[in-house]
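Heads up: the structure comes next, in structure tokens.
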Amino acid sequence: MTSMTGERLERRLARLLGLGAWVGSGVVAAGFLVSLRLPVGAEIETGGVAVFILLPVLRVAVMLASFARRREWTFAAVAALVLIIIAVSAVLARAGRVG
Amino acid sequence: MEEGPERAGRWRGVDGRYPDETLGEPVAYRIDRLPLGMGLMFGAGLISALLGIGSGVLKIPTMDTALRLPIKVSSATSNFMIGVTAAASGAAYFLRGDIKPGIAGPIMLGSVLGAVAGTKLVFAVPGERLRLLFVATLALLSLQMALAAFGVNLASGAA
């Protein structure tokens, strides 16, 4: 991606992911503080962890949208495949859940 | 290996450039020998899954040698790949309820801080020094693993 659009995409992605990391850190920190007093804090912390897990997935999704819009179908297919693999992994994990 | 005739146009979209602060100007690069790289990456993933070794130590040399990418590009790409694969397995563990928030939360915060610091550093450090640091880390890891194979555990409390 040597075009200007590619660079703009990279910058936007970096900002988005950086913001996401801050949000995730904030939620985890808030959850930790709450957990000192209330048990619900642990669930808030878990929510923060979930935010972090979602960030790389979000990145791939944004890349997929960008590739599709610019009609770079080979790369779009690769990005879509990655998302599908992650989704399948999640579904299988949920199905195998113990309790 | 000399440059062959025009490579398949499809992969030229992956060529790129990045700003290198130590050199003071953007560095252009291109992907070379992609099929070989993909084959080695498959092997790296296989070994990583079998032995539980972090895949970064296998992927970066692959990108460096087979694909002939600049070391900083390899490092950044490796981080991205590991993020995605970790998200996949992380999502699986998370949905099974295997992640303990009390432990995961603080560990995550520390890791994020370290990662932010490291990412800022990667622009400032010269590429060659980065490569040396990587080789040194790899050597230490190899030593630790070799010792562990003979029952000598440096990292953990129990022998």
Side-chain angles (χ1 to χ4, degrees), chain A residues 1-3 6-7 10 13-14 17-18 21-22 24-33 35 41-60 63 67 70 72-75 78-79 82-99, chain B residues 8-19 26-31 34 38 41 45 49 73 76-120 123:
Chain A
M1 287 190 279
T2 54
S3 64
E7 284 173 29
E10 286 295 315
L13 267 178
L17 294 176
W22 275 114
S25 302
V27 174
V28 169
F32 174 71
L33 291 175
S35 72
E43 298 206 15
I44 299 177
E45 272 184 297
T46 307
V49 171
V51 171
F52 274 108
I53 291 178
L54 282 172
L55 290 179
V57 181
L58 187 61
R59 181 188 173 113
V60 178
M63 288 172 81
F67 290 142
R70 287 156 62 193
E72 295 178 31
W73 299 118
T74 313
F75 294 115
V78 171
V82 171
L83 284 181
I84 289 171
I85 291 175
I86 295 179
V88 168
S89 165
V91 165
L92 288 177
R94 193 73 183 171
R97 192 169 137 106
V98 180
Chain B
R10 199 185 328 158
W11 296 115
R12 294 185 135 238
V14 196
D15 299 342
R17 58 219 312 233
Y18 72 97
V27 176
Y29 62 91
R30 51 194 334 183
I31 311 283
L34 192 59
M38 284 177 69
M41 284 298 179
V73 174
T77 309
S78 172
N79 271 307
F80 164 60
M81 286 195 287
I82 289 172
V84 175
T85 49
S89 48
Y93 285 123
F94 184 87
L95 291 173
R96 280 170 47 101
D98 285 346
I99 298 191
K100 309 261 180 280
I103 302 173
I107 288 179
M108 184 164 279
L109 284 177
S111 299
V112 168
L113 284 174
V116 168
T119 307
K120 295 228 189 298
F123 286 114

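Each chain gets a letter, A, B and so on, in the order its sequence line appears, and its residues count up from 1.
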Original post:
With only heavy atoms counted, which part of A:Thr46 is less than 4.5 Å from chain B, the side chain, the backbone, both or neither?
Top reply: both
Subject >> A:Trp73 CH2: over 12 foreign heavy atoms closer than 6.0 Å >> reply: yes
**OP:** Flag the pair A:Phe32 / B:Leu109 as yes when at least one side-chain heavy-atom distance between them is below 4.5 Å, and no otherwise.
**Re:** no
Original post:
Any side-chain heavy atom of B:Pro106 within less than 4.5 Å of one from A:Glu45?
Top reply: yes
**OP:** Can you measure from CG (A:Leu92) to CZ (B:Arg96) and round to the nearest 0.5 angstrom?
**Re:** 11.0 Å
**OP:** Could you tell me which residues satisfy side chain to side chain contact (heavy atoms under 4.5 Å, CB included) with A:Ile84, sequence neighbours excluded, listed by chain and number?
**Re:** A:Val88
Subject >> Shortest non-hydrogen contact from B:Ala92 toward A:Ala93 >> reply: O-CB, 3.2 Å
Original post:
For A:Ala87, is it the side chain, the backbone, both or neither that has a heavy atom under 4.5 Å from a heavy atom of chain B?
Top reply: neither
Subject >> Atom pair OH/CD1 of B:Tyr93 and A:Ile53 - distance to nearest 0.5 Å >> reply: 11.5 Å
Original post:
For B:Ala104, what residues pass the side chain to side chain contact (heavy atoms under 4.5 Å, CB included) criterion, not counting sequence neighbours?
Top reply: A:Val49, B:Ile99
**OP:** Identify the heavy atoms of B:Ala87 and A:Val57 that sit nearest to each other, and give their distance.
**Re:** CB-CG2, 4.1 Å
Subject >> Interface residues of residues 110-120 of chain B facing chain A - heavy atom cut-off under 4.5 Å >> reply: B:Val112
Subject >> Spatial distance of atom CZ (B:Phe80) from atom CE (A:Met63) [nearest 0.5 Å] >> reply: 4.5 Å
**OP:** Please name all residues satisfying side chain to side chain contact (heavy atoms under 4.5 Å, CB included) with B:Ala88, sequence neighbours left out, ordered by chain then number.
**Re:** A:Ile86
